[in-house]
Participant: 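Can you read through this structure? Questions will come right after.
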Amino acid sequence: MPRNVPLLPYYFLVVVLSASLATPRQMVPLVVQAYGLAIISGLYWGFLPSIDYATRLLALTGVATVALQLSAQRCRETALRRQSEQTLNLTFDNSAAGVALADASGRLLRVNPALCDMLGRDTQTLLTLSWPDITHPDDIALEQPLVEAMLANRRDGYRLKKQFLRGDGSSIWVDLSRSCVRGPGGHLEFFIGQGVDISAEMAAQDALARSEETLRHTLDQCSMGLAICAPGTGAILQANSKLCSELNLTPAVLKGSSLFEVFGALEQVSAEDAQSLTPVDQAPLESLLRGEIDCYGVRVRLQWAGFLRGWGELQLSNIRDASGAVRHVLLELDDITEIVAQTEYLQVAAASGVVGIWDWDPVHDELTWDSVMYQLYGVQPERFSGAVEAWAQTVHPEDRHFAERELQAAVRGERDYAIRFRVVWPDGSVRFIQAASRRFFDGEGRVVRILGVNYDVTELVQTQERLQTEQHRLGATLDALLDPHLMLGPVHDDAGSIVDLRILRANPAAAAYNHMALEDFVGARVRQFWPEHVVDGLYDRYLAVLSNGKPLVLDNFPLHHSQQGGLRHFDIRAVKVSEEVSVVWRDVSERIAMEEALERRATIDSLTTLMNREEVFTQMNRILADDQRRGGELGVLFCDLDHFKDVNDRYGHHAGDAVLQAMAQRIRSCLRESDLAARIGGDELLVVLPGLHGLPDALTIAEKLRRLASEAVPLPQGLVQISISVGVALASAGESPDELIARADTAMYTAKQQGRDQVVAIN
């Protein structure tokens with residue numbers, strides 16, 4: 001190269017360029033080579049030694065030093081970046097939480113093993129899916145607004161509990177944290193999602209919620225008033241509606257109250273005297289709340305607005321955990337108004353001589369009666385020894401063994417002594433006694449006392465016997481009925497609604513009508529056994545009888561009856577009897593069919609089955625009125641068989657009848673659906689043609705009829721050739737049927753005069 005070309009900077013150009021690619025160690029040989037070339041070229045060209053060349057060489061040394069520093073810095077940054085990436089990869093792959101990267105469209109870019117295990121899918125399968133694909137359908141709409149807000153740069157992340165779909169179709173609950181990475185311009189590059197399986201936690205929460213709901217439902221459905229209270233303070237945490245009703249307080253007021261306030265509003269009632277009232281002692285309540293005692297009970301008076309409503313049994317109990325600590329206080333308030341009323345009734349009954357009380361010690365065989373017992377048995381106190389044997393002697397001989405056996409069964413602890421038996425008074429009269437008792441046991445479970453009552457049920461038994469007699473008489477009467485009879489009773493669901501009707505009783509006629517044995521028929525349900533009753537509306541009519549008590553009267557009711565082979569007609573009567581429906585029906589299908597047959601006979605000619613004279617005149621009057629309104633014309637064909645008398649004379653009247661029937665059939669085959677045909681005389685036939693457009697229409701039909709009638713009629717005696725003469729007339733305005741037929745008759749006679757077997761029209 002020429003001396004004036006400065007090569008010195010180019011020797012170090014490679015050094016500078018390698019700073020972006022090589023490490024400092026890799027750059028040292030390049031620096032040494034650059035210095036060697038610079039010194040050799042300076043010696044060769046005589047630049048050395050010179051201050052200018054040395055200055056340049058020194059400047060390039062600085063450049064090389066900077067290049068080495070830049071290379072070292074780049075290597076350090078690269079090492080740090082690799083270390084960060086390695087740390088990130090290790091953290092990503094070994095994280096206990098499920099982690100996923102997704103692009104802005106939601107497609108999964110990378111997933112860690114924890115997420116694969118969590119979702120029950122492999123990595124390759126997950127990378128073919130998008131974020132919505134692994135999200136439960138119920139949660140897509142919940143998450144979509146949050147994703148749209150991140151895409152719109154309104155937020156950078158969110159956290160929520162949602163469900164993901166596993167590979168087997170099941171779902172899991174995940175606590176999800178999702179954020180995004182944005183580019184320099186703020187656009188979203190990809191999502192980072194991290195989730196932890198919280199299915200067990202959600203299941204526990206769901207179980208807790210169900211448990212709480214079950215507790216609330218149990219409290220609300222309980223027949224007695226219940227409340228759960230806090231220990232120590234007695235604050236009411238939860239109370240059911242029954243307790244609110246008993247205390248006449250709203251749920252909001254009761255829940256904010258304490259047991260001290262509830263006790264302060266109640267009055268204690270003496271168990272012996274319901275009129276003896278004192279304020280409820282709160283000292284036992286305080287002792288119970290401190291955990292010193294576990295139970296406390298008291299009888300209280302229930303009142304609304306200062307008026308007595310009844311009595312209640314109030315019971316408080318401590319509920320302790322396994323360690324013995326009191327967790328809750330349970331309040332129970334049972335309405336005993338009816339029990340108190342019954343007790344008062346028994347007291348009044350005993351005082352008035354209605355109910356007798358007895359007390360027996362089976363160990364010592366000591367039987368004690370009150371004064372009413374002597375009245376019930378007709379025994380004088382001085383004649384009663386006070387032993388069971390003395391009582392047994394008063395029992396009717398036919399009932400004695402049974403009564404003694406039941407008493408011994410009660411002593412053995414097998415069952416309570418509660419029987420009905422007869423006693424014989426000294427005067428020989430018989431009374432019925434009902435017994436009820438309660439047994440008392442010792443520590444070893446032996447019966448040591450039986451306390452009971454007796455009361456006279458003679459009138460009740462006699463009434464029941466009379467009722468049974470009437471029922472037997474009624475049953476015999478119903479069984480003797482020729483018409484089917486049923487007693488239907490309602491079938492209720494758990495909510496008390498009527499869901500069906502059951503056949504409670506039926507007479508033999510009802511079972512026979514349905515082709516079933518009586519024992520199979522009784523017990524069937526209407527909706528299952530007779531679904532046609534539901535379809536035809538009869539089932540709803542029975543329910544209406546039950547609800548409003550109005551009798552049901554149906555005549556000629558059409559009903560599909562599968563056991564009788566289809567549609568039948570019935571006269572049905574149903575009335576409400578107590579809470580049942582008494583139903584009687586009669587099949588009137590044959591009567592209806594007979595009535596319809598009689599109606600048809602009144603309008604049809606029996607030989608030809610064509611209309612008779614009266615019916616065709618009635619129909620003509622109707623058709624004339626319709627045609628005048630609609631603008632159509634009415635045509636009449638008056639037909640008479642030619643030489644019909646000769647057929648009767650030669651072959652007999654049976655042959656003549658056969659010819660008439662054949663002609664009637666041929667006439668019907670020529671007519672339209674709206675046309676009418678009738679026999680108005682011996683061999684005179686009339687055809688009525690409504691809705692014609694003019695006389696040519698009538699002539700066309702008449703000519704067709706004439707040609708068809710001229711065909712021979714086959715008879716047992718052979719073929720009979722016969723013809724007809726037809727007179728045609730169109731109705732004029734205001735013309736009566738008689739006038740119209742008379743004109744057609746005139747036209748028919750004209751046809752006969754002109755040689756028969758032809759059609760003649762008349763204006």
Participant: Listing request: all salt bridge (charged side-chain N to carboxylate O under 4.0 Å, His left out) pairs with a residue in residues 662-677, at least two apart in sequence or in separate chains.
Facilitator: Arg672-Asp675
Participant: Anything under 3.5 Å between a donor and an acceptor, one on a side chain of residues 681-693, the other on a protein residue two or more places apart or in another chain? List them.
Facilitator:
none

Participant: In Å and rounded to the nearest 0.5 Å, what is the CG to CZ distance from Asp605 to Arg613?
Facilitator: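 Taking CG in Asp605 and CZ in Arg613, the distance rounds to 12.5 Å.
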Participant: Between Arg707, His643, Arg706, which is the residue that forms a side-chain hydrogen bond (donor to acceptor under 3.5 Å, both in side chains) with Asp757?
Facilitator: Arg706
Participant: Are Asp168 and Ser170 close enough, and set up right, to give a side-chain hydrogen bond (donor to acceptor under 3.5 Å, both in side chains), and what steps lead you there?
Facilitator: CA-CA 6 Å; Asp168 58 3; Ser170 61; 2.6 Å; yes
Participant: Is any side-chain heavy atom of Tyr542 closer than 4.5 Å to one of Ile572?
Facilitator: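 Yes; the side chains approach each other to less than 4.5 Å.
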Participant: State plainly whether the residues Lys162 and Asp139 are in salt-bridge range, i.e. N to O under 4.0 Å.
Facilitator: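 Here Lys162 does not pair with Asp139 in a salt bridge, since their nearest N and O are not under 4.0 Å apart.
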Participant: I need the minimum non-hydrogen distance between Arg743 and Ala731, along with the two atoms involved.
Facilitator: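 The answer is NH2-CA, 4.1 Å.
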Participant: As an exercise, state the distance from NZ of Lys645 to CG of Asp649, rounded to the nearest 0.5 Å.
Facilitator: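 These two atoms lie 4.0 Å from each other.
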Participant: Please step through side-chain contact (heavy atoms from CB on, under 4.5 Å) for the pair Arg505 and Glu580, ending with a clear verdict.
Facilitator: CA-CA 10 Å; Arg505 290 180 295 280; Glu580 301 172 2; 2.8 Å; yes
Participant: Quick one, Val526 and Asp500 - any side-chain contact, counting heavy atoms below 4.5 Å?
Facilitator: yes
Participant: Can you tell me if Tyr749 has over 12 outside heavy atoms packed within less than 6.0 Å of its OH?
Facilitator: no
Participant: Treating Asp133 as the side-chain partner and Ser130 as the backbone partner, does any N or O pair qualify as donor plus acceptor under 3.5 Å?
Facilitator: yes
Participant: Are any side-chain N or O atoms of Thr458 and backbone N or O atoms of Phe432, one a donor and one an acceptor, separated by less than 3.5 Å?
Facilitator: yes
Participant: Quick one, Val636 and Met620 - any side-chain contact, counting heavy atoms below 4.5 Å?
Facilitator: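 SC-SC contact between Val636 and Met620 confirmed.
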Participant: Is a donor from one side chain sitting under 3.5 angstrom from an acceptor on the other, for Ser725 and Asp642?
Facilitator: yes
Participant: Taking the basic N atoms (NZ, or NE/NH1/NH2) and the acidic carboxylate oxygens, is any pair closer than 4.0 Å for Arg573 and Asp555?
Facilitator: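 Salt bridge flag = yes for Asp555 with Arg573.
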